[in-house]
Peer 1: 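Shown below is the structure under consideration.
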There are 2 protein chains.
Amino acid sequence: MDQKVIPDIVVGRLPLYLRALQRMLEEGRYITSSQELGERLGISAAQIRKDLSQFGEFGKQGTGYSIDYLAEQIRQILKVDRVWDVVVIGAGDIGSAVARYQGFANRGFRVVMIFDNDPEKIGTQVGQFTVQDIARADELIREAGIRVAMISVPSAEAQAVADQLVDAGAQAILNYAPLSLNVPPEVHVQYIDPVIHLQRMTYYL
Amino acid sequence: MDQKVIPDIVVGRLPLYLRALQRMLEEGRYITSSQELGERLGISAAQIRKDLSQFGEFGKQGTGYSIDYLAEQIRQILKVDRVWDVVVIGAGDIGSAVARYQGFANRGFRVVMIFDNDPEKIGTQVGQFTVQDIARADELIREAGIRVAMISVPSAEAQAVADQLVDAGAQAILNYAPLSLNVPPEVHVQYIDPVIHLQRMTYYL
DNA sequence: TAGATTGTTAATCGATTAACAATC
DNA sequence: TAGATTGTTAATCGATTAACAATC
């Protein structure tokens, strides 16, 4: 079916387009153009049109794009026209902040469980969740059919946690531990490490 | 002096090389090769050699790279052979987690202040810091000559905070609020938005 | 109709890879 | 010396941009 392979770099820009469109909607706007969107994001108008044209024709010549319609189309492409249940492994500062984060709402995700291996933390409350024993993670993730996970454990434990998650059926992992993970090719991993971003900027200072 | 302009995409990979090298050092290793480094990072050996060659000759034919020496060279290139003072604006869950984060140590950064505008939060303790009134941010940032900042305030306030930071002399901003910031061209901005990373993965599920 | 903006093609630009001489 | 690996060049590959016909 999906004959054409879309470059990963194009897929990676769609969430940015979607975020900007949702913001425009909040501002009460109805119509935008590739030029305006590009200015907001620091991306050329031609690139935005080219990216979108990979998936279909969403605009009207002379008019531009219906913000609401284009956002809905991108949501479908990214499969965030539904809500994905997400588990958080590691109930330290970062894991707790993520579990309480309000920013997932309306963007396709919902944290449903948080795990830790520290007996001191198991049973305690983090936002609306009770921290569960990581020993039960495999069972509970399987049962719920959860495919998206976030890792916020110390670096030394991250690879072992990733292995467990893959075993339990996770297919998308967002890793906050500052190291590269080895996972099977069918499992997707993304990384968040603030130091990487900071070091990228100090080069220019 | 710096005649040659290094592509931004190359600069962006150096922190990943550095992180992997520091990990190897912790493992007690002394020597590595472009091939080994590449395997760890999922990057081709040729690309690593090409990237490094933009800055100098750091290896030995037949032998590879001294991990310690290469790490030190990359630290110098990225200007993280020193410690940058960083301020955090916003003492919510994310800002607090960032202010307490142990992962900055030995990687070139140190959080030195955290600010908020909420009277309930000002004066309270976050890790080793007392939350300061954001009204004093400009003065204190200027005084300390701080050039690196992190924004962890609600989206609605992020642009105003960014404007204040730029005004106070910030030149590198790491923004956790889920929106694009407008800053003058000489100011560098990087973004962390977990939803962007997650949406990039659900496309493939 | 005149003006604006899309979707798409072709041209340009830049990044990655393959290959190998140099050399440790 | 033989084997290994760098640094670099040239070839390949892929992404971005410019331009414009189509058309709202």
Side-chain angles (χ1 to χ4, degrees), chain A residues 2-18 20-21 24 29-74 76-77 200 203, chain B residues 2-18 20-21 24 29-74 76-77 200 203:
Chain A
D2 254 356
Q3 294 289 32
K4 189 175 38 176
V5 171
I6 309 291
D8 188 55
I9 198 164
V10 173
V11 174
R13 279 191 294 260
L14 294 184
L16 300 173
Y17 300 163
L18 178 56
L21 291 166
M24 287 177 180
R29 310 277 314 287
Y30 293 97
I31 298 285
T32 188
S33 64
S34 57
Q35 177 157 23
E36 184 189 42
L37 204 46
E39 275 164 17
R40 290 219 182 188
L41 293 167
I43 290 175
S44 79
Q47 178 153 90
I48 290 174
R49 293 201 303 278
K50 187 107 212 286
D51 285 352
L52 296 176
S53 75
Q54 304 257 19
F55 301 96
E57 306 191 358
F58 307 122
K60 263 206 189 67
Q61 281 111 321
T63 312
Y65 301 90
S66 154
I67 295 171
D68 189 53
Y69 176 75
L70 181 56
E72 188 50 37
Q73 294 301 308
I74 295 179
Q76 282 177 24
I77 294 165
R200 195 175 176 156
Y203 172 80
Chain B
D2 254 358
Q3 295 289 31
K4 188 176 37 173
V5 172
I6 309 290
D8 188 55
I9 197 163
V10 173
V11 174
R13 279 191 294 259
L14 294 184
L16 299 173
Y17 300 163
L18 178 57
L21 291 166
M24 287 177 180
R29 309 278 315 286
Y30 292 96
I31 299 286
T32 188
S33 63
S34 58
Q35 176 159 21
E36 186 190 40
L37 204 46
E39 275 164 18
R40 290 220 183 188
L41 294 167
I43 290 175
S44 78
Q47 178 153 88
I48 290 174
R49 293 201 302 279
K50 187 108 211 286
D51 285 352
L52 295 176
S53 75
Q54 303 257 20
F55 302 96
E57 306 189 359
F58 307 122
K60 262 206 190 69
Q61 282 110 322
T63 311
Y65 301 90
S66 154
I67 295 171
D68 189 53
Y69 177 75
L70 181 56
E72 189 50 38
Q73 294 301 308
I74 295 178
Q76 283 178 26
I77 294 165
R200 196 174 175 158
Y203 171 80

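Note on naming: letters A, B, ... go to the chains in the order of the sequence lines (proteins, then strands), and numbering restarts at 1 for each one.
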Peer 1: So if I take every side-chain heavy atom of I9(A) and compare against dA15(C), dA15(D), dT5(C), which nucleotide ends up nearest?
Peer 2: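 Looking only at side-chain atoms, I9(A) lies closest to dA15(D).
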Peer 1: What do you reckon, is CD of Q35(B) surrounded by more than 12 foreign heavy atoms closer than 6.0 Å?
Peer 2: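 Check fails, neighbour count at 12 or below.
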Peer 1: What integer distance in Å separates D8(A):CG from dA15(C):P?
Peer 2: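 Atom-to-atom, D8(A) to dA15(C), this comes out as 17 Å.
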Peer 1: Whole Å only: how far is the CD atom of Q47(B) from the P atom of dT16(C)?
Peer 2: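 Whole-Å distance recorded here is 4 Å.
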Peer 1: Got L52(A) and Y17(A) here, is their nearest side-chain heavy-atom distance under 4.5 Å?
Peer 2: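 Yes; the side chains approach each other to less than 4.5 Å.
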Peer 1: dG7(C) phosphate, OP1 or OP2: any side-chain N/O from Y65(A) under 4.0 angstrom?
Peer 2: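 Answer yes for this pair, as a side-chain N or O of Y65(A) is under 4.0 Å from OP1 or OP2.
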Peer 1: It should be established whether S44(A) places a side-chain nitrogen or oxygen under 4.0 Å from OP1 or OP2 of nucleotide dT16(D).
Peer 2: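 No, S44(A) has no side-chain N/O under 4.0 Å of OP1/OP2 on dT16(D).
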Peer 1: Determine which nucleotide pairs with dA19(D), using a 3.5 Å limit on both distances of a Watson-Crick or G-U wobble pair.
Peer 2: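 Looking at the geometry, dA19(D) pairs with dT8(C).
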Peer 1: In whole angstroms, how far is the P atom of dC20(C) from the NZ atom of K50(B)?
Peer 2: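 After rounding, the reported distance stands at 18 Å.
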Peer 1: Using both distances under 3.5 Å as the test, list the Watson-Crick or G-U wobble partner of dC13(D), or none.
Peer 2: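 dG14(C) - that is the nucleotide pairing with dC13(D), both distances being under 3.5 Å.
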Peer 1: Side-chain contact test, heavy atoms from C-beta onward, threshold under 4.5 Å: evaluate it for R200(B) versus D8(A) and give yes or no.
Peer 2: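 R200(B) vs D8(A): side chains touch.
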Peer 1: Is any side-chain N or O of R49(A) closer than 4.0 Å to OP1 or OP2 of dG7(C)?
Peer 2: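 Looking at the OP1 and OP2 atoms of dG7(C), neither is under 4.0 Å from any side-chain N or O of R49(A).
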Peer 1: Is the distance from OP1 or OP2 of dA15(D) to the nearest side-chain N or O of R13(A) less than 4.0 Å?
Peer 2: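 R13(A) to dA15(D) OP1/OP2: no side-chain N or O under 4.0 Å.
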Peer 1: Check the distance between dC24(C)'s P and F58(B)'s CZ and give it to me in whole angstrom.
Peer 2: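 It works out to 17 Å between those atoms.
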Peer 1: Should dC24(C) form a Watson-Crick or G-U wobble pair with both distances under 3.5 Å, which nucleotide is its partner?
Peer 2: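 Paired with dG3(D).
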Peer 1: How many angstroms lie between atom CD1 of I67(B) and atom CD of E72(B), to the nearest 0.5 angstrom?
Peer 2: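 Rounded to the nearest 0.5 Å, the CD1-CD separation comes to 14.0 Å.
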Peer 1: To the nearest angstrom, how far is L37(A) atom CG from dT6(C) atom C1'?
Peer 2: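 Rounded to whole Å, this separation is 14 Å.
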Peer 1: Please give, in whole Å, the distance from dC24(D) P to Y69(A) OH?
Peer 2: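 Going from Y69(A) (OH) to dC24(D) (P), I get 14 Å.
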Peer 1: Given atom CD of Q54(B) and atom P of dG14(C), what is their separation to the nearest angstrom?
Peer 2: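 Value for this atom pair: 13 Å.
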Peer 1: Please give, in whole Å, the distance from dG7(D) P to L70(B) CG?
Peer 2: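 Value for this atom pair: 9 Å.
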Peer 1: State, with a plain yes or no, whether a side-chain heavy atom of L37(B) is found less than 4.5 Å away from one of M24(B).
Peer 2: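 In short, these two side chains touch, coming nearer than 4.5 Å.
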Peer 1: On DNA chain D, nearest-nucleotide positions of I43(A) versus T63(A): which is more 5'?
Peer 2: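 Final value for this comparison: I43(A).
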Peer 1: Tell me which nucleotide among dG7(D), dA22(C), dT8(C) gets nearest to the side chain of Q61(B).
Peer 2: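 Out of dG7(D), dA22(C), dT8(C), the nucleotide with an atom closest to Q61(B)'s side chain is dA22(C).
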